[in-house]
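Numbering of residues begins at 1 and proceeds along the displayed sequence. Here the structure is a predicted model, which means the values were calculated and not measured.
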Amino acid sequence: MTARRPAPQRGGRRSSTAALALIVATLTGACAERATLPPNPTVAAPHAYSICPQSGELPPTDVNDEAVSVLRERLSLLGVAEPDVTIGSCIELALELTGQDPDTVQAAVLGTGRVELVPVPPEQVGAIQAGSLGPVGVQPIVASSDLTGAAIAADEAGHPVLTLTMTPAGADALGAWTAGHVGGSVALVVDGVVAAVPVINGPTPGGSVQVSFGATPPVALEALRVMVLSGPLPEAWAQPERPQG
């Protein structure tokens, strides 16, 4: 704001004081008006993703509908508004993020979502770590179809802890394996990539298991959680094995 200096006149001190008071009052009013303005709304950021079948051929309609349903559920669990979906040779998703982490959303959308607990043979312990491919030549103890829930919390040191719950069949399989392998290792594998390698501290007969993460996992935990809850994409829409995010 530019104030024009008044011409000298009698009673100059009073005029200067009055002009100063006017400026102060004007500035105060402007500040007060600015302070009462509503905050800017959250700006939605547009994002687009393509999920293509590895065969190059469009699967049957019911399989496509199942894949879209899985993707919609994942996005809903992440708090993302309903996406625009187009199916051509690929599933095309157009959506807007309003504060969600883009890397987490990308991992949830582009991941097949196969989550498994796989035993680590003693001879592979040195090679199996977070970010590597999963154990070779062994069958999972628990597969995605055995998992019923996932929750994220923090331990006393502030490290994230993922709790997985499972079906009775999954609970029996894990309980039996851990009872005979205390001190051994099991890999939490997501789409072929190891997310963590917890050591078995004791039998886990209760149908749930906790996996602690001392470092940032190669798969965003929130994406992993929603993939467990939604289940994997149909096999015809399975994506290449790779770290997600």
Side-chain angles (χ1 to χ4, degrees), residues 54 101 103-104 106-167 169-233 235 238-245:
Q54 291 194 59
D101 175 51
D103 290 341
T104 296
Q106 177 176 305
V109 169
L110 299 184
T112 300
R114 286 190 294 258
V115 181
E116 302 168 326
L117 291 172
V118 184
V120 181
E123 65 274 13
Q124 296 184 35
V125 168
I128 302 301
Q129 56 188 337
S132 71
L133 295 179
V136 178
V138 290
Q139 293 297 313
I141 308 163
V142 173
S144 288
S145 58
D146 300 311
L147 297 174
T148 59
I152 301 170
D155 62 17
E156 295 179 354
H159 298 143
V161 176
L162 176 70
T163 300
L164 298 171
T165 54
M166 53 203 71
T167 63
D172 290 344
L174 185 63
W177 188 88
T178 54
H181 294 83
V182 174
S185 298
V186 63
L188 173 63
V189 181
V190 183
D191 293 338
V193 177
V194 175
V197 191
V199 175
I200 304 303
N201 296 322
T204 57
S208 68
V209 62
Q210 290 187 331
V211 181
S212 298
F213 297 82
T216 303
V219 183
L221 285 186
E222 187 62 13
L224 197 163
R225 183 184 75 86
V226 303
M227 286 192 286
V228 169
L229 296 176
S230 70
L233 290 172
E235 189 60 34
Q239 299 300 291
E241 292 183 351
R242 55 190 165 87
Q244 301 298 325

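- Distance check: Arg225 CZ to Thr163 OG1 gives 12.0 Å after rounding to the nearest 0.5 Å.
- Under a 3.5 Å cut-off, the side chain of His181 and the backbone N or O of Trp177 do form a donor-acceptor pair.
- Thr178 contributes a side-chain N or O that, together with a main-chain N or O of Leu174, makes up a donor-acceptor pair within less than 3.5 Å.
- Thr104 contributes no side-chain N or O that, together with a main-chain N or O of Ala220, makes up a donor-acceptor pair within less than 3.5 Å.
- Side-chain contact between Val189 and Pro140 is absent, with no heavy-atom pair separated by less than 4.5 Å.
- Residues Gln54 and Glu235 fail the side-chain proximity criterion, which asks for heavy atoms closer than 4.5 Å.
- Taking 4.5 Å as the limit, every side-chain heavy atom of Val118 sits out of range of all side-chain heavy atoms of Ile128.
- Once rounded to the nearest 0.5 Å, the distance linking CG of Asp101 with CD of Glu222 reads 10.0 Å.
- Here the side chain of Asp172 pairs no donor or acceptor atom with the backbone of Ala169 at under 3.5 angstrom.
- Contact between Pro218 and Gly131 at its shortest, heavy atoms only, is CG-N, 3.7 Å.
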Audit row: Val209, Val186, side chain to side chain contact (heavy atoms under 4.5 Å, CB included) steps and yes/no: CA-CA 11 Å; Val209 62; Val186 63; over 6 Å; no
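- We find the CD-OG distance between Glu116 and Ser145 to be 9.0 Å, quoted to the nearest 0.5 Å.
- Using a distance-only test at 3.5 Å, with no hydrogens or angles considered, a donor-acceptor pair links the side chain of Gln124 to the main chain of Val136.
- When all heavy atoms of Gly183 and Val199 are compared, the closest pair comes out as O-CG1, 3.8 Å.
- Distance check, rounded to the nearest 0.5 Å: OG1 of Thr167 to CG of Asp146 gives 4.5 Å.
- In plain terms, the two heavy atoms of Leu229 and Gly149 that are nearest each other are CD2-CA, 3.8 Å.
- Residues Val142 and Leu164 are not in side-chain contact: their nearest non-hydrogen atoms beyond the backbone lie 4.5 Å or more apart.
- Listed for the Ser144 side chain is a donor-acceptor partner under 3.5 Å among the backbone atoms of Val115.
- When the shell of 6.0 Å around CD of Gln139 is examined, it contains 12 or fewer heavy atoms from other residues, nucleotides or ligands.
- For the pair Ser185 (side chain) and Val197 (backbone), a donor-acceptor distance under 3.5 Å is absent.
- Closest of all the heavy-atom pairs between Pro135 and Val120 is CG-CG2, 4.0 Å.
- Side-chain contact check for Met227 versus Val219: some heavy-atom pair is nearer than 4.5 Å.
- Closest of all the heavy-atom pairs between Phe213 and Ala196 is CE2-CB, 3.5 Å.
- Listed for the Asp191 side chain is no donor-acceptor partner under 3.5 Å among the backbone atoms of Gly111.
- Summarising the geometry of Pro121 relative to Val138, their closest heavy-atom pair is CG-CG1, 3.7 Å, with the distance given to 0.1 Å.
- With a 4.5 Å cut-off on side-chain heavy atoms, Leu110 and Gln239 do not count as touching.
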